[in-house]
Amino acid sequence: MPVIELSLSGRPKSARVVGIDLGTTNSLVAYIGDNGPEVIRDRSGNGLVPSIVYYDQEQDRLLVGEEARDRLVTEPRKAIYSVKRFMGKGSEDVQEDLSLVPFQIAPGSEQVIGFQMGDRVFTPPEISAFILRDLKKRASQFFGEEVSQAVITVPAYFNDAQRQATKDAGHLAGLEVLRIVNEPTAASLAYGIDRKEEAIVAVYDLGGGTFDISILKLKDGIFEVLSTNGDTHLGGDDLDNRLITLVIDEMGKEAGEGIAQDPAVFQTIRKAIIKAKHDLSDSDSAIVEIDPGVQRPAYRRTLTRDDFDRLIDDLVERTLGPCAQALKDANLKPEQIDEVVMVGGSTRIPLVRAKVKELFKREPHIELNPDEVVALGAAIQADVLAGGRRDLLLLDVTPLSLGIETMGGVVAKIINRNSTIPASAAEMFTTWVDNQTGIDVHVLQGEREMVEDCRSLARFTLKGIPPQPAGLPRIEVKFLIDANGILTVSARDLRTQQEHSIEVKPSYGLSDEQIEKMLLDSFEFAEEDIRKRQLVEARNEAETVMRAAEKALADHPRELIDADERSAIVSALDDLRQAAGGDDHQLIRDKIRILDDASQHLAEIIMDSALVAALKNRKASEVAKG
Amino acid sequence: MADFATNTVTSSTGVCPHCGSQTAGAHFCAECRKIQLVSGSDYFQFFGLPRKLLIDVSDLEKSFYELSRQFHPDYFMRASNAEQQASIERSSMLNDGYRTLRDRVARVSYLLALEGYKEAEKKAPPDLLEEVFELNMQIEELKAAKKAGDENDVAEAQSALEEAMMGLREKLAGIDDRLLAKFGDWDSALDRSAPTSEKSALLDQMSELLSHRSYIGHLVHSIQEEL
């Protein structure tokens with residue numbers, strides 16, 4: 001696929017990199033437009049893709065987003081939502097979460113959870129990959145060219161396994177993940193991009209499933225994270241669960257037991273209380289109405305904001321501990337914070353705003369849409385990575401200390417939390433007994449002193465040490481946390497200067513082999529219904545070509561081509577639009593070709609003129625083949 | 001899952017891996033202008049600083065930002081693998097070095113390590129031994145009172161410990177003042193090219209102060225845990 005490298009600004013044209021906010025509740029994709037970062041929306045102007053995946057066993061197809069959400073109530077057993085809570089976790093870690101969702105867990109989920117959906121099992125990275133693929137498609141259609149590189153955001157307090165799982169999801173979706181960026185840090189980019197003077201900023205990010213607080217110093221375009229803290233198990237979902245529990249308890253009295261076990265009723269309740277929660281952000285009371293079906297009496301109650309505040313007070317209070325710790329780690333007092341920025345849908349809740357205001361003693365910023373600000377920031381970082389701008393630089397930190405197991409199950413910290421990344425540490429290892437040829441190393445993440453209180457990251461063995469008396473070998477192991485917050489390890493024998501082989505057993509997460517297999521699986525999956533796929537592809541292509549042609553007609557002066565040519569293009573466009581509405585993929589292809597031919601000349605003229613950038617540097621025909 | 005790469009370490013030879021010119025440990029090659037792998041491990045040298053202890057932290061921050069803009073991996077996304085590797089190495093050394101040098105205690109500990117000193121062990125200052133004995137008694141009393149559930153005794157033991165803490169904090173501040181004075185002595189010894197014996201004596205003294213500092217710090221920490 002030829003890409004013509006031309007640009008008006010003279011800066012080297014780089015492949016497009018988009019910013020993706022892969023959220024617990026909603027996901028979205030953004031890019032840098034002529035007027036700064038913008039969310040990519042569908043035809044009806046909607047930027048949010050609900051992070052829900054539905055598996056249709058009969059037709060062996062997947063639905064993502066709105067379509068999947070529509071099935072949640074009718075077929076709750078086949079839909080997965082809030083998958084982000086399960087990323088990088090084993091079944092032991094998520095017992096509590098599982099009690100609140102109707103998902104079935106497949107056997108063998110100790111290291112990576114498997115969701116049983118019909119006769120198939122999907123892991124959290126795969127489910128996330130389906131969402132990412134949908135966003136990728138959305139972006140590719142928007143640009144009229146395939147988007148294959150992205151920046152994806154994660155909660156700042158995500159550990160190594162959760163970050164890696166997110167990166168794996170991108171890989172499975174056919175995206176090269178150029179960077180994993182922390183959500184609050186991304187948000188600060190969106191807020192602070194035009195800021196010139198020095199400032200200390202606190203970003204309070206309460207999303208669907210996670211809470212983060214980050215404190216940054218902004219100076220001369222450098223966004224230096226001073227400290228970060230959070231709770232990967234606290235978000236809007238938990239607030240919802242309080243309301244769900246309330247409703248189920250109250251319904252239980254009249255409607256009999258077993259409501260919670262009926263997933264359809266459960267989803268009806270969930271939908272109703274989410275609506276009430278949203279209503280309570282603007283008004284003092286809301287009505288919760290639930291019709292659980294014929295066998296049970298309907299439920300209706302008024303919920304005041306006071307009721308709601310009382311229900312969630314301790315949860316909101318729980319966010320203040322991490323805030324205090326982050327301030328302490330940054331060596332700052334609340335009054336030294338110049339600005340407070342609110343991120344995440346849950347910061348619309350009046351009680352949350354009130355508590356944040358009380359803690360920092362200032363009015364928090366809510367100018368940017370709290371659902372979109374992370375994606376906008378991710379797009380800015382994507383632009384930096386694509387070479388678009390060099391005036392901005394993010395210096396982020398690692399949220400958790402990295403350590404290795406030593407004698408007696410004690411963890412020796414080698415990289416402290418809140419260290420700017422990339423960060424590294426070198427440790428010397430030697431043998432305990434004569435002629436020992438291998439040394440076991442156990443890597444952990446966390447702040448506590450004992451192994452059992454920290455998160456196991458991986459175990460590996462330094463192998464092939466030549467037999468020598470105990471204590472003589474000197475193996476230097478270098479631990480490096482890269483700019484994604486992900487660990488890499490290398491080892492060297494200092495006596496021989498030989499690189500050492502490391503055999504790794506990750507504690508949680510997918511192995512490279514598993515990922516390769518999943519890549520093949522998803523390919524097969526796409527092959528299964530060939531005709532349906534051909535139609536979908538033809539429609540997508542039609543969409544892309546039509547968009548490119550419409551854009552070319554709209555963006556360029558009428559003098560460029562004569563009236564006949566113009567009307568030929570317009571009528572070819574109409575024909576294609578009509579064909580795309582039908583289900584004959586061959587007809588769609590034919591009409592694409594006709595539009596292609598009709599617009600060839602226009603594309604060439606545009607190409608020759610300096611206006612090339614407007615058609616994304618490509619002829620409509622090339623777009624079609626792309 | 002961590003990504004365990006086998007690193008292709010090209011140890012420093014003072015030769016640019018991109019074009020083969022002599023680089024003498026510079027950040028960038030004078031010939032081809034490309035970023036160099038890290039050679040050596042001296043943070044002072046890395047920042048272009050003498051091994052002095054009185055550092056203007058705002059100047060250090062300024063160089064940190066400037067060098068970050070030159071080395072950060074964000075700016076090497078489209079560069080060759082060798083350059084990307086060099087950028088990650090150089091940025092991580094920059095970050096590690098900044099973290100070490102901006103903090104007084106970390107800085108002097110690092111200098112001592114460079115000068116061949118082992119990590120300072122916790123050592124009680126001789127004038128403190130009696131006090132430590134007393135403190136341990138008080139901690140035991142607090143524990144006993146807590147166990148017995150006697151609120152009056154708990155409060156009494158707590159206020160005794162809090163008072164002791166104040167004393168310890170003052171001692172810490174005193175040690176820091178003496179340490180800072182030694183910083184000045186060390187820097188002037190360097191300026192005068194003082195004899196090795198004088199410098200060694202200074203290093204010994206600073207190492208001793210660090211040991212005391214670490215001991216008292218540990219004590220304060222364990223009292224805080226009890227309180």
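Throughout, a chain's letter reflects where its sequence line sits, starting with A, and its residues are numbered from 1. Note that the structure is a prediction, hence the values are computed from the model and not measured.
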> Where is the tightest heavy-atom contact between Ile222(A) and Arg69(B), given as atom of each residue plus distance?
Replying inline: CG1-NH2, 3.7 Å

> More than 12 non-hydrogen atoms from neighbouring residues, nucleotides or ligands closer than 6.0 Å to CD on Glu447(A), yes or no?
Replying inline: yes

> Heavy-atom distance under 4.5 Å between the side chains of Leu393(A) and Ser68(B), does that happen here?
Replying inline: yes

> Hey, is CD on Glu151(B) packed in by over 12 heavy atoms from elsewhere, all under 6.0 Å?
Replying inline: no

>> Counting only non-hydrogen atoms closer than 4.5 Å, does Gln149(A) touch chain B with its backbone (N, CA, C, O), its side chain (CB onward), both, or neither?
In response: side chain

> Using non-hydrogen atoms only, which part of Val112(A) is less than 4.5 Å away from chain B: side chain, backbone, both, or neither?
Replying inline: neither

> When rounded to the nearest 0.5 angstrom, what is the spacing between CG in Leu480(A) and CD in Gln85(B)?
Replying inline: 8.0 Å

> If you count the non-hydrogen atoms of other residues, nucleotides and ligands that lie under 6.0 Å from CE in Met166(B), is the total more than 12?
Replying inline: no

> Where does Tyr98(B) contact chain A at under 4.5 Å (heavy atoms): side chain, backbone, both or neither?
Replying inline: side chain

> So does Met450(A) have more than 12 non-hydrogen atoms from other groups sitting under 6.0 Å from CE?
Replying inline: yes

>> Minimum heavy-atom separation for Lys217(A) and Tyr65(B), please, with both atom names.
In response: CD-OH, 3.9 Å

>> Out of the candidates Pro422(A), Ser419(A), Ser424(A), only one should pair with Asp96(B) under the side chain to side chain contact (heavy atoms under 4.5 Å, CB included) rule; please name it.
In response: Ser424(A)

> Can you say whether Ile421(A) sits under 4.5 Å from chain B via the side chain, the backbone, both, or neither, judging by heavy atoms?
Replying inline: backbone

> Atom CG of Leu178(A) and atom CE of Met77(B): how far apart are they, to the nearest 0.5 Å?
Replying inline: 4.0 Å

>> If the threshold is 4.0 Å, N to carboxylate O, is there a salt bridge linking Arg179(A) and Asp74(B)?
In response: yes

> Thinking salt bridges, do Lys478(A) and Glu89(B) make one under a 4.0 Å N-O criterion?
Replying inline: no

>> Using every non-hydrogen atom in the two residues, find where Leu392(A) and Tyr75(B) come nearest and quote the distance to one decimal.
In response: O-OH, 2.8 Å

>> Under 4.5 Å from any heavy atom of chain A, what part of Phe71(B) do you find: side chain, backbone, both or neither?
In response: neither

>> Please report the interatomic distance OG(Ser91(B)) to CG(Leu395(A)), rounded to the nearest 0.5 Å.
In response: 9.0 Å

> Where does Asn331(A) contact chain B at under 4.5 Å (heavy atoms): side chain, backbone, both or neither?
Replying inline: neither

>> Testing the basics here: between His72(B) and Leu394(A), what is the closest heavy-atom pair and its distance to 0.1 Å?
In response: NE2-O, 3.6 Å

> Got a second to check how far Asn95(B)'s CG is from Ile481(A)'s CD1, nearest 0.5 Å?
Replying inline: 11.0 Å

> Is atom CD of Glu163(B) surrounded by more than 12 heavy atoms (other residues, nucleotides or ligands) closer than 6.0 Å?
Replying inline: no

